[in-house]
Amino acid sequence: MAEKIKIKLGRVQETLLLPLVSRAKETRYKHPFLNDVKSFELYQQLDIDKRRIVRNLSDIGIQGLCYRAYKMDEAIKAFLKKHPNGKIVDIGAGLDTTYYRCDNGTALWYDLDMPDSMALRKQLLPIPNQRVTYISKSMFDYSWIDDIGDISNGLFITIPGVLPYFKEAEVKEFLTNIAPKLKGAEIMFDVISHFGRFFVDIRIKAAGMKDAHLEWGILNPATITNWSEHIELVRTIQFFQGIKKSNQRVSTRIAMRINKFFNMTQLFHLKFV
Ligand SMILES: C[S@@+](CC[C@H](N)C(=O)[O-])C[C@H]1O[C@@H](n2cnc3c(N)ncnc32)[C@H](O)[C@@H]1O
């Protein structure tokens, strides 16, 4: 049997395990709404404290992280129908497997992450073909915009599970810097309310990631569109809208209702103009 892979990552980087473990677990459910065989394969290779991560993620955590991936996939697939030769940039890619779920055979994919996370990605998910490029940089090193080059065939930027770990001033700096340079691009990321941040932070700590803090809480996308004339709202998606109910425990359904009632987690889909 192949030797399991031990991992050592920085404060925010180690959180990449949470979505990976969630996608792997959901895939093993009887009727998964997200079927991610690649994540399950990876999950099996890693030497991590799986029992503790799964126990502390909780069913609602798993469903939330998979719902995020599912809705991002829908948006990316819709974008690729309109722009089959477009570019997708996955910022803070970690061990994200979006490419394996959404590729159309013609698009160009760019996965960007910090050097330590990217080294792990290269080891576990080697570049699959020439249409995929790995960028080993911080998202705040804006030279990645030069790395992706021409965006006249369309650009979709996905940032799952990254921005809430930064302070609002950092998120503002990031978005207001890239928006005027990437006019026409669509961008989608998940956000958490101030209230929701409190609960999710407890879960992240309980999963063993004691140094990872959720820093940014937001409820209203107007906060962001007011930062720059180059940022427009396409839509917001409240977590768990329209989710199939077949797998859920009663406790999970109650948690979903609370989440919806307080609008704790959303996806913001924006456009740079
Ligand atoms: C919660 S994980 C999400 C991983 C992936 N997006 C997914 O959904 O599976 C957060 C990711 O953000 C990355 N990250 C942290 N700081 C970053 C930065 N300054 N620039 C780019 N990525 C960063 C981490 O390395 C990690 O892979």
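Note that ligands are numbered from 1 as they come in the structure, with each ligand's atoms numbered from 1 the same way. Treat the numbers as computed from the prediction; the structure is a model and nothing was measured. Both backbone and side-chain heavy atoms feed into the values below; hydrogens, waters and symmetry mates do not.
- Residues in residues 35-46 take part in these salt bridge (charged side-chain N to carboxylate O under 4.0 Å, His left out) pairs, two or more places apart or across chains: Arg23-Asp36, Asp36-Arg101, Lys38-Glu41.
- The CD atom of Glu186 sits 11.5 Å away from atom OG1 of Thr158, with the distance rounded to the nearest 0.5 Å.
- Between Ile237 and Met188 the shortest side-chain heavy-atom distance falls below 4.5 Å.
- The closest approach between any non-hydrogen atom of Leu112 and ligand 1 is below 4.0 Å.
- Of the candidates Val21, Leu20, Asp113, Asp113 brings a heavy atom nearest to atom 25 (O) of ligand 1.
- Crowding of Tyr70 atom OH: a count of heavy atoms from other residues, nucleotides or ligands under 6.0 Å not exceeding 12.
- For ligand 1, one of its N or O atoms has an N or O atom of Met139 under 3.5 Å away.
- No side-chain donor-acceptor contact under 3.5 Å links Tyr67 and Asp190.
- Less than 4.0 angstrom separates some heavy atom of Phe166 from each of these atoms of ligand 1: 16 (N), 17 (C), 19 (N).
- Residue Ser138 has at least one nitrogen or oxygen atom sitting less than 3.5 Å from a nitrogen or oxygen atom of ligand 1, judged on distance alone.
- Heavy-atom proximity to Ala93, at under 4.0 Å, picks out these atoms of ligand 1: 4 (C), 5 (C), 6 (N).
- Less than 4.0 angstrom separates some heavy atom of Gly161 from each of these atoms of ligand 1: 1 (C), 2 (S), 3 (C), 10 (C).
- Residue pairs satisfying the side-chain hydrogen bond (donor to acceptor under 3.5 Å, both in side chains) criterion with at least one member in residues 171-184, sequence neighbours excluded, are listed as follows: Tyr142-Glu173, Asn177-Lys181.
- Per-residue contacts place Ser117 under 4.0 angstrom from the following atoms of ligand 1 (heavy atoms of the residue considered): 24 (C), 25 (O), 27 (O).
- Residue contacts with ligand 1: Arg23 is included, with a non-hydrogen atom under 4.0 Å away.
- Considering only heavy atoms from C-beta on, Val162 comes within 4.5 Å of Met139 through its side chain.
- Counting atoms of ligand 1 from 1 in the listed order, those under 4.0 Å from a heavy atom of Gly94 are 27 (O).
- Of the N or O atoms in Lys137, none lie within a sub-3.5 Å distance of an N or O in ligand 1.
- Of all the atoms in ligand 1, the ones that sit under 4.0 Å from a non-hydrogen atom of Met114 are 16 (N), 17 (C), 18 (C), 19 (N), 20 (N), 23 (C).
- Taking each heavy atom of Ile187 and Ile178 in turn, the nearest pair found is CD1-CD1, 4.3 Å.
- Shown in contact with Arg68 at under 4.0 Å from a heavy atom are these atoms of ligand 1, numbered in order with element: 8 (O).
- Within the set Asp90, Thr15, Asp111, the minimum heavy-atom distance to atom 1 (C) of ligand 1 is found for Thr15.
- The number of heavy atoms from other shown groups lying within 6.0 Å of CD (Glu229) does not exceed 12.
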*Show your working on side chain to side chain contact (heavy atoms under 4.5 Å, CB included) between Leu34 and Thr27 and close with a plain yes or no.*
CA-CA 6 Å; Leu34 187 84; Thr27 298; 5.6 Å; no
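- Compare Gly92, Pro160, Ser136 by their heavy atoms: the one nearest to atom 11 (C) of ligand 1 is in Gly92.
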